[in-house]
Amino acid sequence: MTTETELTQAPGTHVPDTVANAAATPDREQPYAALGLKEDEYLSIREILGRRPTSGELAMYSVMWSEHCSYKSSKMYLRQFGEKVSPTMKKNLMVGMGENAGVVDVGGGWAVTFKGESHNHPSYIEPFQGAATGVGGIVRDIISMGARPVAVMDQLRFGDIDADDTRRVVDGVVSGISFYANCLGLPNIGGETVFDKVYQGNPLVNVLSVGVLRHEDLHLANAKGAGNKVVLFGARTGGDGIGGASILASDTFSAGGPTKRPSVQVGDPFAEKVLIECCLELFRDELVEGIQDLGAAGISCATSELASNGDGGMFIELDKVLLRDPTLTAEEILMSESQERMMAVVHPSKLDAFLAVVDKWDVETSVLGEVTDTGRLVINWHGEEIVNVEPRTVAVDGPVYERPVAYPTWIDELQADTARGLPGPRPATSSGRSSSRCSAHRTSPTRAGSPTSTTRMSSATRPCRSPTTAA
Amino acid sequence: MRIGVVTFPGSLDDRDAQRAVRLAGATPVALWHGSHDLEGVEAIILPGGFSYGDYLRAGAIASLSPIMTEVVDAANKGVPVLGICNGFQMLAEARLIPGAHTRNAHQQFIRRDQRLRVENAATDWTNGFEQGQEITIPLKNADGRFIADDETIKRIEGQGQVAFRYVGVNPNGSFDDIAGVSNERGNVVGLMPHPEHATEPGFGPDTPAAMSSGVDGLTFFTSVIAASLKIEAPVK
Amino acid sequence: MPTIVVEVMPKAELLDPQGKAVTGALSRMGRQAYSEVRIGKRFELTVAEVTDEILEDVKVLADDVFSNSVIEDVVSITVQDEAATVSA
Amino acid sequence: MPTIVVEVMPKAELLDPQGKAVTGALSRMGRQAYSEVRIGKRFELTVAEVTDEILEDVKVLADDVFSNSVIEDVVSITVQDEAATVSA
Ligand SMILES: Nc1ncnc2c1ncn2[C@@H]1O[C@H](COP(=O)(O)OP(=O)(O)O)[C@@H](O)[C@H]1O
């Protein structure tokens, strides 16, 4: 693996790798492996660009092509959810796959939007912050559709209930979810939990958020209209989670050497609550063409996705990004996963009014650049071009793999093990062994978001899944 | 009557408070924390939520907001002010009422439908209740434990400044089961539980009569209307 | 840049629920030696320069903003210069 | 009885939302001199006697219990004897 690279240069001495430099030095060794890219993936980036990538481009491709962002191994299965949608299913579907969240017409001019997302590995590293920032990310997706978030749900999988490390993860995750959601006033209206040893070291933390909107309030995030301004607003960009999306979320959790930047993100639910109100006001006053949230892969993701969904071109001056840590390099800024940030596309005539609204909410803002019709995503750093790519190659046309699959034979035994084999009804007091594995967590702080929050589905009534053989 | 509801960054229950005002028959006026303008309202509500994320101390940063200078002035002139939950914490931080709040004694966030006894039915926000009447409204907080030194507790108990007391269970370890406090004059009232969430049938606490039918909170808002008209509110 | 450190503790005569919970946890871990744990706050303020004026202002802020005198005491205000930061 | 003081701060490179909110409040109050405020915790442990063994144990507790090494740093462990407590 590569040792010292341009990605880890000491602050102050950092000179970013420019497009011209990349063309001139085709043989420079690059740390693609440490960033989670396979050799053939790296070679295909070279082929797409017709030269070696700059370090900034390499940063973008590596995060966007990670499993975490590109779903390169699961895409071929997930695709079916889009392909199998029939016209009947589409009847009330206002927005389907491919956008920040799905939208369903519920009648009377109202619509509901919801999205579930996992934040698994971060929640294992630092359960409280990992789960909390998971809620933050999913709620920003709801906001970007133009909806007001109203509730969250969670679906959790933890390691064996008696294992040493399980309690740390359970307590952290449950209180992280409730803390963040409560600060936003969102009740947790349902949940489900399973404990099983297959999730040891790899818990699943799925959070769903629901939002409500009027039909006319629906917005899609895309960068259309050359000349429209691209604005970054919300929290400042720091060194958060730089190791998270690339190194830690790569296909093995042990890949990569030590990172000097933290792999965790710390959430600020207060900043998010302010963003909710600020975005709803921007939409209400019709001051934005679209808003995209920044999640994993931060600016790399938001710029390339917005550009891919629009007319295809965008120009960004990366040095305009407001920083929390002035020593960040251009590559780190591209990869940062700092939370509570949004990117808006704003018509130049509305920019002043836009800035007045974000200012009112004490939200920091910087105009980074504009939409272009060049079909290229160009990013400059202090006047020098460090990225020049076709946005779709970063955001949409990443590698897709058909991994080898095998039938899990243990599943036959599991499925054969039905309730029919059990003796007759027993008094409710007797506790079977398997039911203890499904127990709802009651040990951690309970927080309520609103008076409606007492309604929740009972997880204890759900069937307990406990594979007899580890997968 | 026009009643102002102040929105702070992080307020959560401002819109519910506005609706409660409307349901009681008054006109809600949205006020902004960053402004010095009370827009001529005749009463003010500081709503619940997590203003400034409850960072530093719950209500502390909000109590430094520009509008709070005006709220303190108005309160001292006799304008009715109600602080609900986070608003109660702001009133304490702004020293409009005695005491302070700390984290709940059991360290956990709590949410329940809470029984309260009205200990002082003479304030601007309680005159529609009967002295000693028991009511049920929702409670939800993490930093709800009301505390003060012995002398202060003795004083407020002696002067009838304890407006509400928890009944059945003390949910957060508040001294003397105190759930709500008023200033000496009785125009400023702060309490932990949320009257604004119990003002509309179908959305309130359960009652023996029917699920979600509790509307005990509405009387807070009809009381202040009565106080402004200098009439007696219809006793419930 | 120099840092001014302000330290605030819950008043000794008041119950500190968080500290009590930690004391309990330590004793469950078999650590009876710690008869009491109290948890307060440590503020680090970064300033360009430490002047008398700033120090006066920090005193005011310590009493009015960083602590609530009903429940907390300011236990110390110290200046710490950049070089001598970490000691543990 | 002597007190052992453990001080914990959020890691410098991570966001400290609480400190950020306070920095903002100070600047709205016209106090621009404070370019950054960070807020950590101060633990006071009361012990009957300070022994080497106890100090060793406190080091372990500081890392494992009082701080979360993923997001926080232990910045100091000091012994403070009863007489010399308050200084502000
Ligand atoms: N997946 C789950 N399975 C079982 N119980 C859960 C699950 N998620 C949350 N809970 C429990 O539900 C309760 C409420 O969750 P919380 O997130 O605090 O929501 P709310 O804000 O609505 O109170 C808590 O007691 C929590 O432990």
Side-chain angles (χ1 to χ4, degrees), chain A residues 132 136 139 148-151 171 174-189 212 234-235 266-278 280-281 284 339-340 356-364 441-456, chain B residues 7-16 30 32-35 47-56 58 61-62 65-66 85-86 103-104 106-114 136-144 171 193-200 202-206 211-212 214 217:
Chain A
V139 168
R148 177 177 281 282
V150 296
D171 283 2
V174 175
S175 38
I177 294 171
S178 77
F179 164 74
Y180 201 102
N182 281 328
C183 284
L184 303 181
L186 304 180
N188 188 337
I189 57 169
V212 175
V266 173
D268 180 356
F270 163 63
E272 178 111 342
K273 167 65 180 163
V274 171
L275 268 188
I276 295 176
E277 300 303 329
C278 178
L280 288 172
E281 193 166 326
R284 188 198 65 200
Q339 298 290 301
E340 291 94 21
V357 170
V358 287
D359 202 46
K360 170 187 163 193
W361 287 100
D362 269 322
V363 168
E364 290 191 289
H441 30 264
R442 288 270 165 252
T443 46
S444 54
T446 55
R447 297 163 181 254
S450 91
T452 55
S453 63
T454 44
T455 344
R456 72 164 32 254
Chain B
T7 297
F8 297 87
S11 289
L12 299 178
D13 301 319
D14 44 344
R15 296 184 314 150
D16 280 33
W32 182 242
H33 78 110
S35 154
F50 288 81
S51 62
Y52 292 98
D54 269 1
Y55 300 139
L56 188 60
I61 302 182
S65 291
C85 192
N86 198 214
R103 193 148 190 87
N104 294 343
H106 49 66
Q107 291 268 75
Q108 307 213 336
F109 188 99
I110 185 167
R111 125 87 209 144
R112 64 197 308 272
D113 289 339
Q114 177 68 45
T136 301
I137 58 178
L139 171 89
K140 44 169 193 170
N141 65 66
D143 299 278
H194 289 257
E196 82 283 18
H197 294 324
T199 53
E200 198 175 2
F203 300 91
D206 293 347
M211 267 175 79
S212 309

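You'll find the side chain of A/K273 reaches within 4.5 Å of the side chain of B/L12, heavy atoms only.
Ring geometry, B/Y52 versus A/F270: the interplanar angle falls from 30° to 60°, so the pair is classed tilted.
Using a 4.5 Å cut-off between heavy atoms, A/I276 does not touch chain B at all. Looking at B/S11, only its backbone comes within 4.5 Å of chain A, counting heavy atoms on both sides.
The distance from the CG atom of A/N182 to the CG atom of B/D54 is 11.0 Å, given to the nearest 0.5 Å. Atoms CZ and CZ, from A/F179 and B/F50 in turn, are 8.0 Å apart once rounded to the nearest 0.5 Å. The OG atom of A/S178 sits 9.5 Å away from atom CD of B/Q108, with the distance rounded to the nearest 0.5 Å. Put simply, CZ on B/F109 and OG on A/S175 are 13.5 Å apart, with the number rounded to the nearest 0.5 Å.
When each of A/D362, A/L184, A/D268, A/V274 is checked for heavy-atom pairs under 4.5 Å with chain B, A/D268 comes out on top.
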